[in-house]
Protein chains: 2
Amino acid sequence: MKTVSDNQADLLRRHGLQATAQRLAVLRAVSERPHGTADDVAGAVRARIGVISRQAVYDALGVLAENGLIRRIQPAGSPARYEDRVGDNHHHLICRRCGRMVDVDCAVGAAPCLTAAEDSGYEIDEAEVIYWGVCPDCREAPHTDRARP
Amino acid sequence: MKTVSDNQADLLRRHGLQATAQRLAVLRAVSERPHGTADDVAGAVRARIGVISRQAVYDALGVLAENGLIRRIQPAGSPARYEDRVGDNHHHLICRRCGRMVDVDCAVGAAPCLTAAEDSGYEIDEAEVIYWGVCPDCREAPHTDRARP
DNA sequence: CCAAATTATTGACTCTGTCAAGAGCACTCC
DNA sequence: GGAGTGCTCTTGACAGAGTCAATAATTTGG
């Protein structure tokens, strides 16, 4: 019988990547905590396999993202975040106060948003949409900004 | 007769900001070269008024953006960029190879894109849209990636 | 099991951007 | 038009996120 790790190892090899302990752990960490930063991932990986270098984390995240196994999101004012929900080009909704990020299905449709009004001759391959707002929790809580007299 | 600088000074004061030489020069630099980075702006300002500290540039860009006189765009993998086209919530189209950025009018309409399919209870105030692709020039030119054997 | 090639580790380094203290201006009020 | 007050600029140290480069360790095809 094959374990989850075996399947993920095969997945990596099918993409022409070597299946190392570090990459497997990174892949698993991203899938367990969507929208985590490289640092979060490093922490989760260390909890599981003991030790990993910062560079290995960046390398793994890099090749996984390049090969479409994970997706990198880089919101303004935040380090890059990673998620394993790929292939459906969904969008993100971020709270301006607490930074919490949630997924949003595309309003337009399945293969969405890839048509700009005028494409200026560009060959568009991705539409990145980030909605900014205030999450329910932060809306209820008193404004920390205004709280200081 | 009023000069351009006088008008911009008034503009600043109308927003409750002091009209300093540095701020005027920053505002002018942003308007002259849209999509420039803080560093570009600093260079342009130095060419005009001689010298400005890095901090003053960041301060000026910060207050101008806060007051809606300019807009800050922070694309993945690039330092922040600034433009003076504000108030119409247009979007951007960036070339993956050369980084060139062009404006795109919103496909949806005038006050656009603020409606996500499901808002998860968030109070959305901005929709940031970035299209990624390859510009006409880079499409014609040979791939630098593939060019190395 | 072995050799070649890919990956990981280590540590220095770069690039953007921020913080804090003091000096210098801009604007207001007389 | 001059002086005070408070905002703004300069200077220099600092921090976070990510990259580079050389060496050591694994993976994997044969």
Side-chain angles (χ1 to χ4, degrees), chain A residues 5-6 8-30 35-43 45-46 48-67 69-70 72-82 99, chain B residues 5-6 8-27 29-30 35-43 45-46 48-67 69-70 72-82 99 149:
Chain A
S5 298
D6 284 338
Q8 292 187 321
D10 286 347
L11 183 63
L12 287 174
R13 278 187 278 262
R14 247 179 283 129
H15 284 265
L17 305 173
Q18 289 191 7
T20 68
Q22 289 85 344
R23 284 180 182 172
L24 290 171
V26 165
L27 189 50
R28 193 156 170 179
V30 170
H35 308 149
T37 65
D39 219 55
D40 294 338
V41 170
V45 169
R46 290 203 181 97
R48 182 171 300 280
I49 67 170
V51 72
I52 190 173
S53 68
R54 189 169 36 144
Q55 191 60 44
V57 173
Y58 280 111
D59 279 358
L61 290 172
V63 298
L64 292 176
E66 253 178 38
N67 285 275
L69 296 177
I70 63 177
R72 174 193 277 131
I73 311 129
Q74 287 178 258
S78 155
R81 291 150 181 281
Y82 300 86
Chain B
S5 298
D6 284 340
Q8 291 187 321
D10 286 348
L11 183 62
L12 287 174
R13 278 187 279 263
R14 249 180 281 128
H15 284 264
L17 304 172
Q18 289 191 9
T20 68
Q22 289 85 346
R23 284 180 182 171
L24 289 170
V26 165
L27 189 50
V30 170
H35 308 146
T37 65
D39 218 56
D40 294 337
V41 170
V45 169
R46 289 201 182 99
R48 183 169 299 280
I49 68 169
V51 71
I52 191 173
S53 69
R54 188 168 40 142
Q55 191 61 42
V57 173
Y58 280 111
D59 279 359
L61 290 172
V63 297
L64 293 176
E66 252 177 39
N67 285 273
L69 295 177
I70 64 176
R72 173 193 279 132
I73 312 129
Q74 287 178 258
S78 155
R81 291 151 180 281
Y82 300 86

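Worth saying up front: this structure is predicted, and the values here are computed from it rather than measured.
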L12(B) and N67(B), any side-chain heavy atoms less than 4.5 Å apart: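 They are not in contact (no side-chain heavy atoms under 4.5 Å apart), so the answer is no.
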Tell me: CD1 of I52(B) to P of dT8(D), nearest whole Å?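 Answer to the nearest Å: 14 Å.
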Could you check how far CG of N67(B) sits from P of dT8(D), rounded to whole Å?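 From N67(B) CG to dT8(D) P: 10 Å.
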Taking any atom under 4.0 angstrom from a heavy atom of chain B, which nucleotides of DNA chain C are the first and last to qualify, 5' to 3'?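 The contacted stretch runs from dT16(C) to dC27(C).
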Q55(A): side chain to side chain donor-acceptor pair (under 3.5 Å) partners, not counting sequence neighbours: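 Applying side chain to side chain donor-acceptor pair (under 3.5 Å) to Q55(A) gives D59(A).
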Using modelled atom types and a 3.5 Å cut-off, is there a donor and acceptor pairing between side-chain atoms of R72(B) and backbone atoms of A80(B)?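 A pair under 3.5 Å: no.
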Output the distance between atom [atom1] ([X]) and atom [atom2] ([Y]), rounded to the nearest 0.5 Å.
X      : Y      : atom1 : atom2 : answer
L69(A) : L11(A) : CG    : CG    : 5.0 Å
Q74(A) : Q74(B) : CD    : CD    : 10.5 Å
I49(A) : Q22(A) : CD1   : CD    : 5.0 Å

Output, in order, the C-alpha distance, side-chain angles, deciding distance and verdict of side chain to side chain contact (heavy atoms under 4.5 Å, CB included) for L64(B) and V26(B). CA-CA 9 Å; L64(B) 293 176; V26(B) 165; 3.9 Å; yes
Bend angle of the helix from dC1(C)-dG30(D) to dC30(C)-dG1(D), end axes from five pairs each (to 10°):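 Comparing the axis at each end, I get an angle of 40°.
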For nucleotides 17-30 of chain D, 5' to 3', base contacts (B), sugar-phosphate-only contacts (S) and non-contacts (-) with protein non-hydrogen atoms under 4.0 Å give SBBB------SS--
Of all residues at least two apart in sequence or in a different chain, which pass the side chain to side chain contact (heavy atoms under 4.5 Å, CB included) check with R46(A)?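 By the side chain to side chain contact (heavy atoms under 4.5 Å, CB included) rule, R46(A) matches A42(A), I52(A).
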Trace of the side chain to side chain contact (heavy atoms under 4.5 Å, CB included) decision for L61(A) with V30(A): CA-CA 9 Å; L61(A) 290 172; V30(A) 170; 3.8 Å; yes
R48(A): what forms a salt bridge (charged side-chain N to carboxylate O under 4.0 Å, His left out) with it, not counting sequence neighbours?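 Listed in chain order: E32(A).
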